[in-house]
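In what follows, a structure is listed as structure tokens, so that the remarks can point back to it.
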Amino acid sequence: MKYRCLIPFLLIELFALSCTKKDEITTRQTGFLPVMSGWQRSEAPKIYTHDNLFDYIDGNCELYFSYGFESLVSATYQSENNPNQTVTLDIYDMGTPLGAFGVYSSQAHPDYSFKPIGCEAIVSAQQIRFWQDRFEVEINSGDSIADAEKLLSEIAQRVSEKLPACQPLAAMNWLPQQQQVPHTLKYVAEGFLGQDYLPGGLEATYQINGLEVRGFVAKCENADRAEFCLRKYTDAQRGFEGAEVRDKGSYFESFHEYTGHVWAGCEGPWFFGATSAASAEDCRKIAEAIGRNLQMIKTVE
Amino acid sequence: MEGSTVSFEQRAISRRDFITNLLRLGGLSAASVGMGAWLKSRSQRPQEQFIAGRAQRVAIPPDPNFPEMVVVYGRDPRQLIQRAVAELGGITRFIAPGEVVLIKPNIAWDRTPEQAANTNPQAVGEMVRLCRSAGAKTVIVTDVSCNDPRRCFQRSGIAEEASAAGAKVILPEKQGFKEIDFQGKVLNVWPVFAPFLEATKVINMAAAKHHSLTGVTLGMKNWYGIIGGRRSQLHQQINESIVDLADFMRPALTIIDAYRVLIRNGPTGGNLADVVMKNTIIAGTDPVALDAYAAKTYWDLDYHRLPFLKLAHERGLGNMHFSQVRSKVVEI
């Protein structure tokens, strides 16, 4: 009771500490903002953290949170010739390269145009998004800017030069590239395959005999946990009324009109497999190719 | 899984920095104590006169002569609005002379009309014109934007179109919010942008978009744009809060702009490849049916995947079985 008087001071101390953290983020991330000839920042860059990201991107913040969002610096550049022409630059610190790739890939689609800026960039007339190291960068412009795409590419290039270099991401090799449809590789951080017990995992679309097969892989803590995930996933398939499940011990195959064909198995700590709406054979082929790829990675490791 | 390889510049702290920080901390402490005392002396209960907001607005009663939902296809957003309102009984069914009308588009994002993250500006402009032609005293166009409001209102094209049509365009100001007790299932006292409380009629003009959190954002979700405060606190019960807001607002007319539809990567979008031209306006007096129709038509989603539809249906805000409401499809 006698220490109750200290509570206000503790609260103030916590407040001061949070200010210091924000100052650190400001110093660190505003250093990535480029200087652009003919453009000036219209106001001081804004910093967003877990506490206020909603104010900037509404419910979309939950997507960023799921991938490990740490902070965002947002700056607006105004043309020196025409103040109505603005470009907004957002640099998200996602905590890890996998988190940055994850949030980038979650909003990617093979129909988009891509450029080799950072690790990879999606380019359109009024927006560029790219990821590099632990950062996901989004640059938006209005339609009144002549050749906006060129301008956005220039800004993206400048930012990319200031960020830590793009390093290869080991997880991106878990799924084999042969027959993989370009730009379909995604990292799903939460609720992978709709199962909450699974860790985050990768998935990609494969084209085989003109049909699409989706390959997937998740790395568990160890081989026992991977076995556990396989058993739980087998049970989940059995849960569909009328599902045909053939349990082979180290893997299973199943079919249900809702899930299509499923093949799932384990390789060391990896839980992996494939799904296909049309062909059990193609599903098995892709799943086995993923298994062989993981065996090879395990051997090298 | 993958660890970061970044090491940022480490800053050593000098004695001067230490003393400066200590002084800053002392100043903060004193300011915080003073501010706390001042705030306590000035705090007050929510203003009772605004609690009656919902009751003041008269919902438009059903009229068996007119459809409850109309779907209009065509090339020109202005014509789509004109035709939709005409099919529903004309603007005088909804707006009486001398009324203060508030039109609530989605102006949340610093995006151009082509990016389809906001409501179509020409559709908003036409709605303003119609209200003015019905003799509305004032037509207000506003929204509580997520991105910088000035840029959202300008880049969306809505400020220009609405002003040209005779609307009073109001940017959301921090001091313009009033504390309201929603008396909802999850929404209690929350700050609402005051113009939404002062209008005699409200017209909801939502954009049809994908939404990463709720699946879609249509008419009912659009009411998130009337409130301020720490809206992220509502996320855990987002479906319930959507319905609380819809229950509170009860618009005279709901319009879902599906002229351009942001089919994925919403609500922010940005890439034109995510936008599909549907050249459609969906309008009506049953906000639940409208949402259910748009969700099914563009995303093949129903109340199983969109719990707010079922909650709103159960609360009597409309019919989630859109095929059961009187509807009409028109092609211009």
Side-chain angles (χ1 to χ4, degrees), chain A residues 8-9 11-13 15-16 19-20 24 27-28 31 43 46 51-63 74 76 84 86 88 95-99 101 106-107 109 111-113 122-127 129 133-135 138 140-144 163-164 167 169-171 199-200 219, chain B residues 1-9 11 21 24-33 36 108-115 144-148 150-151 154-157 211-214 217 221 224-225 228-235 238 264-275:
Chain A
F9 294 99
L11 290 173
I12 289 163
E13 184 71 16
F15 174 71
C19 290
T20 309
E24 279 174 16
T27 310
R28 181 212 310 166
E43 57 197 357
K46 292 194 174 86
D51 291 338
N52 62 352
L53 186 61
F54 185 95
D55 296 337
Y56 186 57
I57 59 170
D58 191 58
N60 215 24
C61 62
E62 295 294 341
L63 177 75
S74 177
T76 300
N84 284 332
T86 55
T88 307
T96 65
L98 192 60
F101 169 69
S106 76
Q107 298 172 75
H109 192 275
D111 291 349
Y112 292 165
S113 298
I122 294 168
V123 183
S124 73
Q126 295 167 21
Q127 184 187 61
R129 296 177 57 242
D133 193 71
R134 56 192 273 180
F135 300 95
E138 301 179 13
N140 284 281
S141 75
D143 57 351
S144 58
L163 295 174
Q167 301 290 337
L169 204 52
K219 193 172 188 181
Chain B
M1 301 237 249
E2 300 292 321
S4 168
T5 56
V6 189
S7 63
F8 293 105
E9 191 183 340
R11 288 190 304 170
N21 282 339
R24 196 184 286 166
L25 190 61
L28 269 173
S29 309
S32 301
V33 170
W109 309 104
D110 183 8
R111 297 282 189 269
T112 63
E114 292 74 23
Q115 291 171 310
V144 179
S145 308
C146 293
N147 295 164
D148 175 67
R150 189 179 49 82
R151 291 207 308 275
Q154 186 239 328
R155 194 169 288 179
S156 67
H211 195 288
S212 62
L213 182 62
T214 51
T217 168
K221 171 71 172 69
Y224 250 70
R230 294 173 66 85
R231 298 188 293 181
S232 56
Q233 290 175 355
L234 300 171
H235 271 192
I238 191 151
R264 59 186 178 228
N265 291 332
T268 53
N271 192 321
L272 299 183
D274 292 336
V275 178

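Residue numbering restarts at 1 for every chain, and letters A, B, ... go by the order of the sequence lines.
Under the 3.5 Å distance criterion, the side-chain polar atoms of B/R151 are left unmatched by any main-chain donor or acceptor of A/T86. Here the side chain of A/Q127 pairs a donor or acceptor atom with the backbone of B/G269 at under 3.5 angstrom.
A distance of 6.0 Å separates CG of A/N140 from CD of B/Q115, quoted to the nearest 0.5 Å. Considering CG of A/N60 and OG1 of B/T268, their distance stands at 4.5 Å, rounded to 0.5 Å. Rounded to the nearest 0.5 angstrom, B/W109 CH2 and A/Y56 OH are separated by 9.0 Å. A distance of 8.0 Å separates OG of A/S113 from CG of B/N271, quoted to the nearest 0.5 Å. A distance of 6.5 Å separates OG in A/S141 from CZ in B/R155, rounded to the nearest 0.5 Å.
Scored by the salt bridge (Lys or Arg N to Asp or Glu O under 4.0 Å) test, A/D58 finds B/K221 as partners (sequence neighbours excluded). In this view, B/N265 and A/Y112, B/D274 satisfy the side-chain hydrogen bond (donor to acceptor under 3.5 Å, both in side chains) rule, not counting sequence neighbours.
Judged purely by distance below 3.5 Å, without hydrogens or angles, the side chains of A/T76 and B/D148 never pair a donor atom with an acceptor atom. Side-chain contact check for A/Q126 and B/T112: at least one donor-acceptor pair (N or O, by modelled atom type) lies under 3.5 Å.
With respect to chain A, the highest number of heavy-atom pairs below 4.5 Å among B/V144, B/L213, B/T217 belongs to B/L213.
Ion pairing between a basic and an acidic side chain is recognised when a charged N comes within 4.0 Å of a carboxylate O; B/R150 and A/E43 show no such pairing.
Closest of all the heavy-atom pairs between B/S212 and A/G59 is OG-O, 4.1 Å. Nearest heavy atoms, A/S124 versus B/G270: OG-O, 3.9 Å.
Contacts between A/L53 and chain B at a heavy-atom distance below 4.5 Å are absent for every atom of the residue.
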